[in-house]
K.L.:
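Take this structure, written in structure tokens, and hold onto it; I'll ask about it next.
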Amino acid sequence: MFRLMGADLPDVPRLLREEGLDALEYEAVRWGPKPQITQEHAEKLGAAAKENDVRLSLHGSYYINLSGKREVVEASKRRLIASATAADWMGAYVMVFHTGFYGRFEKDFAFKTCLDALKEISAEIRSMGLRVKLGPETMGRKFQVGSLEEIMTLCQEVEGTQLVIDWAHLYALHQGSLKKTEDFRAIAEKVESRLGSEAMRSMHCHFSKIEFTLQGEKRHHTLDEMRYGPDFRMLAEVIADFQMHPTMICESPILDVDARKMKETLRQVLESKQSKV
Ligand SMILES: [Zn+2]
């Protein structure tokens with residue numbers, strides 16, 4: 001995710017590249033049932049991304065509940081399909097989204113509703129000829145559908161999905177777990193055993209520091225705020241050890257500054273491991 005004051009959208013991939021960055025998540029988070037970008041504009045962005053070798057993803061609408069009442073699920077499906085359509089125009093490889101809420105429903109029932117809805121969306125976007133993958137994201141609040149287990153099940157059961165792990169959300173949901181490198185390693189291993197090595201290595205990640213309450217996620221923070229976690233260096237160790245090649249999206253309040261810091265940390269970790277061989 002990236003905002004540059006006054007920059008035209010098709011210029012953003014070049015500006016990112018000049019900063020040494022190579023991934024951009026386009027935010028379609030306030031969209032309703034229709035794409036809020038023209039096909040022409042989306043294609044321009046896609047061409048600029050290609051030219052500058054910047055990987056595009058799209059974050060779909062926040063107004064989604066695939067575990068709600070029938071009308072709510074239907075409206076959510078239309079919004080996700082609009083996001084997927086625009087994602088395809090720009091050549092984004094994944095449309096990331098938040099699946100929904102348990103609400104008054106039993107957890108298992110809410111999850112099953114979500115799973116069925118996602119299968120229908122997957123079938124519909126394939127029948128429309130869209131190539132973008134569906135990326136349900138791990139969520140940070142107790143009332144949200146989207147624990148790691150649930151997201152892995154969705155990836156297993158629904159065709160055309162991409163694993164999306166928001167490490168800050170995992171950390172917040174589990175009240176500050178991920179304290180040691182081993183905690184990150186355990187998650188990579190769990191994913192590998194459920195979804196295979198390639199799904200683990202190519203996961204789409206969101207990362208920032210985060211503040212939480214008993215209910216989970218409260219607020220994202222910058223990497224320099226020492227009193228919050230998790231620590232990116234630990235994830236970088238695991239990325240190096242498991243030869244992962246994740247797409248890493250920084251979600252801190254200072255996006256590109258922290259994204260550059262994360263890239264530099266990863267470079268240092270990879271270098272120090274190489275010199276040990
Ligand atoms: Zn998200």
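Each ligand, and each atom within it, is numbered from 1 in the order the structure gives. The basis for the numbers below is simple: all heavy atoms, side chains too, and nothing from hydrogens, waters or symmetry mates. Remember, it's a predicted structure, so these values are computed and weren't measured experimentally.
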K.L.:
Can an N, O or S atom be found in D166 less than 2.8 Å away from the Zn ion (ligand 1)?
P.N.:
no

K.L.:
Report the residues that fulfil salt bridge (Lys or Arg N to Asp or Glu O under 4.0 Å) with K263, sequence neighbours left out, ordered by chain and then residue number.
P.N.:
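Residues passing salt bridge (Lys or Arg N to Asp or Glu O under 4.0 Å) with K263: D22.
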
K.L.:
Hey, is NZ on K112 packed in by over 12 heavy atoms from elsewhere, all under 6.0 Å?
P.N.:
no

K.L.:
Restricting to N/O/S, name the atom of E137 that gets closest to the Zn ion (ligand 1).
P.N.:
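For E137, the N, O or S atom at the smallest distance from the Zn ion (ligand 1) is OE1.
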
K.L.:
Short check: any N/O/S atom of H98 below 2.8 Å from the Zn ion (ligand 1)?
P.N.:
yes

K.L.:
If you consider just the N/O/S atoms, which atom of H59 is the closest one to the Zn ion (ligand 1)?
P.N.:
NE2

K.L.:
Could you check whether the rings of H220 and H169 sit parallel, tilted or perpendicular, using 30° and 60° as the cut-offs?
P.N.:
tilted

K.L.:
Within the distance-only criterion (no hydrogens, no angle test), does the side chain of E225 pair as donor or acceptor with the backbone N or O of T222 below 3.5 angstrom?
P.N.:
yes

